Trainee: 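Shown below is the structure under consideration.
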There are 2 protein chains.
Amino acid sequence: MDRLFQAFADATRRDIVRRVTTGEYSVSGLAALYTMSFAAVQKHVAVLERASLVTKEKRGREQIVRANHDGLQKARRLLDEYEVIWRQRSERIADLLAETGPPTTP
Amino acid sequence: MDRLFQAFADATRRDIVRRVTTGEYSVSGLAALYTMSFAAVQKHVAVLERASLVTKEKRGREQIVRANHDGLQKARRLLDEYEVIWRQRSERIADLLAETGPPTTP
DNA sequence: CTATTCTACAACCAAATGGTTGTAGATCAG
DNA sequence: CTGATCTACAACCATTTGGTTGTAGAATAG
């Protein structure tokens with residue numbers, strides 16, 4: 001889980017995820033999109049791979065990078081949980097406030 | 001956005017977020033829950049604060065830590081976008097496959 | 001076969017991270 | 001007033017991160 005969110009904590013990596021969800025890219029194809037070195041992009045892809053957000057598939061001498069839906073879902077579910085808890089709590093507070101009623105009400 | 005996901009990339013910080021969504025904690029109240037030093041917890045809260053995930057409110061000599069719903073929503077929306085894009089793409093691929101039809105079909 | 005392309009990986013560097021201890025200012029309890 | 005508690009912040013340290021360059025191996029193009 002640490003690695004998952006860590007992977008999202010970089011704009012280049014988020015962009016790579018966005019790209020590979022919409023199209024097909026080799027590592028060098030991705031590298032061409034950014035000003036940084038090939039090796040740097042290679043490292044970013046490796047981080048995404050360790051976080052189970054993308055997979056690599058060898059095709060000829062190229063390595064095709066693909067999105068891995070599971071990782072995305074996992075991250076979203078955790079945030080959902082937090083939101084559900086928060087919503088329950090804020091509703092509970094709202095209920096308590098409603099129970100008490102305004103100060104001027106009998 | 002970097003700071004937002006960075007904030008989630010640590011188990012202690014995720015636990016703090018969970019705690020403060022369900023209850024009311026001072027910084028020292030949180031610190032008592034973990035084996036690390038008070039200063040370390042203080043730093044974690046600062047990271048969460050910079051990421052707009054929690055707010056601090058002074059009450060007497062204590063500082064009450066509260067969840068900030070907006071940050072959670074922002075993170076979740078981004079992941080939603082990725083998922084929507086991915087889903088559209090996988091549906092489009094499914095459509096293309098359906099169009100083509102199985103190889104043995106006339 | 002030779003040259004080019006794509007990839008992998010090591011070695012290095014500066015900056016950020018996650019932790020520590022120590023010091024000092026407010027606020028509360030007695 | 002005095003002592004205890006809560007917080008903030010600085011200084012320091014080890015490790016990780018995000019980047020670089022350089023080297024070497026596979027696969028393709030001509």
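Because the structure is predicted, anything quoted here is derived from the model rather than measured.
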Trainee: Tell me the closest heavy-atom pair linking B:R3 and B:A51, and the distance in Å.
Mentor: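 The pair with the smallest heavy-atom distance is O-CB, 3.5 Å.
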Trainee: Excluding sequence neighbours, so at least two apart, what forms salt bridge (charged side-chain N to carboxylate O under 4.0 Å, His left out) with B:R50?
Mentor: none
Trainee: Do the side chains of A:R59 and A:E24 get nearer than 4.5 Å, heavy atoms only?
Mentor: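 With C-beta onward as the side chain, the pair touches.
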Trainee: Whole Å only: how far is the NZ atom of B:K56 from the P atom of C:dA26?
Mentor: 16 Å
Trainee: Are the side chains of B:E57 and B:Q63 in contact, using a 4.5 Å heavy-atom criterion?
Mentor: no
Trainee: Can you list everything that forms a salt bridge (charged side-chain N to carboxylate O under 4.0 Å, His left out) with B:K56? Sequence neighbours excluded, please.
Mentor: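 Result, salt bridge (charged side-chain N to carboxylate O under 4.0 Å, His left out) vs B:K56: B:E49.
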Trainee: Do any N or O atoms of the protein come closer than 3.5 Å to N or O atoms of nucleotides 16-19 of chain C, and which pairs are they?
Mentor:
residue, atom, partner, partner atom, Å
C:dG18, OP1, B:R13, NH2, 3.2
C:dG18, OP2, B:R13, NH1, 3.1
C:dG19, OP2, B:H44, NE2, 2.3
C:dG19, N7, B:K43, NZ, 3.2
C:dG19, O6, B:K43, NZ, 2.2

Trainee: Would you say that A:L53 contacts A:F8 through its side chain, given a criterion of any heavy-atom pair below 4.5 Å between the two side chains?
Mentor: yes
Trainee: Taking the side chain as every heavy atom from C-beta outward, state whether A:V54 and A:N68 have any pair of such atoms under 4.5 Å apart.
Mentor: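 Of all side-chain heavy-atom pairs linking A:N68 with A:V54, none is under 4.5 Å.
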Trainee: Dump every N/O contact between nucleotides 27-30 of chain C and the protein below 3.5 Å, one line per pair.
Mentor:
residue, atom, partner, partner atom, Å
C:dT27, O2, B:R61, NH1, 3.3

Trainee: Can you give the donor-acceptor pairs under 3.5 Å from side chains of residues 27-48 of chain B to other protein atoms, not counting sequence neighbours?
Mentor:
residue, atom, partner, partner atom, Å
B:S28, OG, B:S26, OG, 3.2
B:Y34, OH, B:D15, OD2, 2.6
B:S37, OG, B:A40, N, 3.2
B:H44, ND1, B:R13, NH1, 3.2

Trainee: Can you give me the first and the last nucleotide of DNA chain D (5' to 3') that has an atom within less than 4.0 angstrom of a non-hydrogen atom in chain B?
Mentor: D:dA4 to D:dA11
Trainee: Are the side chains of A:D10 and B:F5 in contact, using a 4.5 Å heavy-atom criterion?
Mentor: no
Trainee: So B:D2 and A:R14, do their side chains get closer than 4.5 Å, heavy atoms only?
Mentor: yes
